[in-house]
**Student:** 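Quick one: this structure, given as structure tokens, is what I'll be asking you about.
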Amino acid sequence: MQGSRRRRPADAQPDQWVLLAPESVTDLPMKPDDGPLFTRLRNPSTGEAALYLFNSRAQQLFEVKAFHEEYRSWFIGQAVQHDGRLLFATPVDPLFLVLFYLIKAEKEQGKFQPLDQVVVDSEFSTCTMLLQCAQVMDSLHHVVEEKEICRKKFYKYSQEKTLKWLKKKVNQTVKVLKSSNVSVGGRVQSATFISGKQITDVKEEDYVRYAHGLISEYIPEELSAELSKYLQLPELTSPEVDPPLKKRKLSDAPVEAEEDYTKFNSGLKNKKATSKMSAAQKALAKVDKTGMKTISAFFSAKPKAIK
Amino acid sequence: MSESSGPIRLILAPARATPHDVLHLLPCEVEHNGSASVARYFTPAIRQGPQEKSVSFRGRSLKGQEVKVPQGYVGLVLKEDQRPCSEEEERMVRLKSTFAALTVWNLEQAPSADDGLLLALSWPGIAEAIHAPLSEKEE
């Protein structure tokens, strides 16, 4: 803290952060220099820079998002911190990030290639660390065709296999969503009720649509549209898109959150699901609202900016 | 811009060597970074009511709720002691302290279930669902 005022207004260059991370992130590395690494990689949905965290030895990948409301500051022990953000590091399937490069290679070269020739990026050189993640090699077969020539392996993106894999991902997510609706208990239930619909009214299709929306945050838009077809999700009809006004007026929070959610789930007309599963969605909307942009800007300030 | 913003290494310390901190998320902006007499002026004024905590801060009534960090998670305060002068040097943050719970404060009204932070705390569970490797059965 000392010295943070020396040559800049508060937060021009924050030097302290509050982060929630899985306990495993704090496991000590074999060598002190091999600690976890914050780095910027391509967001596999947008292709833009976003902040990620590799654990020690790059075995696991986490995405970093910021929860940020206006007019917030921290008391931390016997000190005050102007920047009131709370960062979240949560696990992300590194195969999503590899998939981005496989699809790109398929469009550009369209041939079988070794993986280390596919996952290269002059702008994001740390992307090669993705290949160290155990989860990538274990699950790669879900998204590629494979050939072995002279004991070297060559891969090519397969949309057919990928859609199958994504569908399983959707199913897995639906399962957890359903069970978490029960186990998260009274809070979410009541919030759902406040939003104007009984929980019993939630249909299987709504879960699938919601899970599709979540997964779509990690795949290119084109593939998201393909997945929607593959899942046979019916197009939403417009009368159901907008919930009645009176529902929105019950609380300020859901209104704001619904607006957030449309941003969060850009390209999807997802209001119908929103009205039914608002609590969980609001949670995501809130997290994402501040999401990557804030947080990447936040970590990206260049040393030369303070010279 | 993205090219020059290099990675940042997190320097860990053994858990027993890392102090715990008490965190309060305030409903206002304090335009300052630095020491504050929290234990002297703020903490002693906190009253625990039947449902919520309350405190008077700068003449305003705050209502608060203590929340635990999600299960399997840990709260970390990270500090960058010195930013390297050149872009070639790796940036480093060190683990300064940890926390297992925090108190979120609102003006006048206690945080409700619809409150942003309380909702955001359910994000890790949902993220887990999306990103876990496919279970054997799904395979």
Side-chain angles (χ1 to χ4, degrees), chain A residues 1 4 10 15-23 26 28 35-40 49 67 69 71-82 84 88 90-93 123 126 135 139 168 171-173 176 180 184 187 190-191 214-215 251 253 279-280 282-284 286-287 299-300 302-303, chain B residues 1-5 7-12 14-15 21-39 42 69 72-80 83-87 95 97 113-114 116-117 119-120 122-131 133-135 138:
Chain A
M1 292 288 202
S4 61
D15 58 4
Q16 187 169 290
W17 298 273
V18 181
L19 172 76
L20 292 183
E23 281 164 359
T26 59
L28 285 177
L37 193 71
F38 290 96
T39 188
R40 290 149 66 80
F67 173 77
E69 285 179 323
Y71 312 118
R72 288 280 185 194
S73 291
W74 286 105
F75 277 157
I76 301 171
Q78 300 309 307
V80 62
Q81 177 182 306
H82 174 222
F88 286 76
T90 53
V92 65
D93 188 338
E123 265 186 83
T126 46
Q135 204 176 336
S139 56
K168 287 175 189 167
N171 291 342
Q172 178 169 291
T173 308
V176 176
S180 69
V184 281
R187 280 217 317 257
S190 77
L214 290 173
I215 303 258
S251 153
K282 275 185 283 177
L284 299 172
K286 278 290 187 183
V287 171
F299 264 83
S300 71
K302 302 172 206 170
Chain B
M1 168 185 153
S2 43
E3 275 167 280
S4 52
S5 47
I8 305 175
R9 183 74 64 181
L10 170 55
I11 308 298
L12 295 164
D21 260 331
V22 175
L23 270 74
H24 297 276
L25 186 55
L26 303 171
C28 58
E29 250 184 284
V30 183
E31 296 274 351
H32 179 63
N33 288 312
S35 48
S37 304
V38 179
F42 187 79
V69 308
Y73 278 67
V74 59
L76 310 172
V77 179
L78 308 180
K79 168 94 172 148
E80 183 173 30
R83 203 173 275 242
C85 301
S86 77
E87 291 193 9
L95 177 55
S97 60
D114 271 342
L117 182 75
L119 290 173
S122 63
W123 166 241
I126 298 166
E128 212 79 45
I130 304 168
H131 297 291
L134 293 180
S135 64
E138 293 288 351

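Protein chains get the first letters and strands the later ones, always in sequence-line order, with residue 1 at the start of each. Keep in mind it's a predicted model, so treat the numbers as computed, not measured.
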**Student:** Taking all heavy atoms of B:Leu12 and all of A:Pro36, pick out the closest pair and write down the distance.
**Tutor:**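 Closest heavy-atom pair between B:Leu12 and A:Pro36: CD1-CD, 3.6 Å.
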**Student:** For B:Glu80 and A:Trp17, work out which heavy atoms get closest and say how close.
**Tutor:** OE1-CH2, 3.7 Å
**Student:** Need one label for B:Val22: side chain, backbone, both or neither, based on atoms under 4.5 Å from any heavy atom in chain A.
**Tutor:** backbone
**Student:** What is the distance from atom CZ of A:Phe75 to atom CG of B:Leu26, rounded to the nearest 0.5 Å?
**Tutor:** 5.0 Å
**Student:** Which heavy atom of B:Trp123 sits nearest to which heavy atom of A:Thr90, and what is that distance?
**Tutor:**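 For B:Trp123 and A:Thr90, the tightest heavy-atom pair comes out as NE1-OG1, 3.3 Å.
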**Student:** Got A:Asp15 and B:Arg83 here, is their nearest side-chain heavy-atom distance under 4.5 Å?
**Tutor:**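 Answer no - side chains too far apart.
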**Student:** Can you tell which of B:Gly125, B:Gly75, B:Ala39, B:Cys28 has the highest number of heavy-atom pairs within less than 4.5 Å of chain A?
**Tutor:** B:Cys28
**Student:** When you look at A:Phe38 and B:Leu78, which way does the side chain to side chain contact (heavy atoms under 4.5 Å, CB included) test go after all the steps?
**Tutor:** CA-CA 12 Å; A:Phe38 290 96; B:Leu78 308 180; 3.7 Å; yes
**Student:** Locate the shortest heavy-atom distance separating B:Pro7 from A:Thr126; write the atom from each residue and the value.
**Tutor:**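 Closest pair (atom of B:Pro7, atom of A:Thr126, distance): CG-CG2, 4.0 Å.
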**Student:** Can you tell me if A:Gln135 uses its side chain to pair, donor with acceptor, with the backbone of B:His131 under 3.5 Å?
**Tutor:** yes
**Student:** Which atom pair, heavy atoms only, marks the closest approach of A:Leu20 to B:Tyr73?
**Tutor:**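 Minimum heavy-atom contact is C-CD2, 4.1 Å.
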**Student:** Rounded to the nearest 0.5 Å, what separates atom CD1 in B:Ile130 from atom CD1 in A:Ile215?
**Tutor:**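 Here the rounded value is 6.0 Å.
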**Student:** In terms of heavy-atom pairs under 4.5 Å with chain B, which of A:Gly35, A:Ser73, A:Pro91 leads?
**Tutor:** A:Ser73
**Student:** For A:Gln16 and B:Lys79, indicate whether the former's side chain and the latter's backbone hold a donor-acceptor pair under 3.5 Å.
**Tutor:** no
**Student:** Would A:His82 and B:Val30 satisfy side chain to side chain contact (heavy atoms under 4.5 Å, CB included), going step by step from the backbone distance to the final call?
**Tutor:** CA-CA 5 Å; A:His82 174 222; B:Val30 183; 5.7 Å; no
**Student:** Which atoms form the tightest heavy-atom contact between B:Leu76 and A:Ala21, and what is the distance?
**Tutor:**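 Reported closest heavy-atom pair: CD1-CB, 4.1 Å.
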**Student:** When rounded to the nearest 0.5 angstrom, what distance separates CZ in A:Arg72 from CG in B:Leu25?
**Tutor:**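 Between A:Arg72 CZ and B:Leu25 CG, I get 4.5 Å after rounding to 0.5 Å.
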**Student:** Would you compute the distance between atom CG of A:Leu28 and atom CG of B:Leu95 and round it to the nearest 0.5 angstrom?
**Tutor:** 9.5 Å
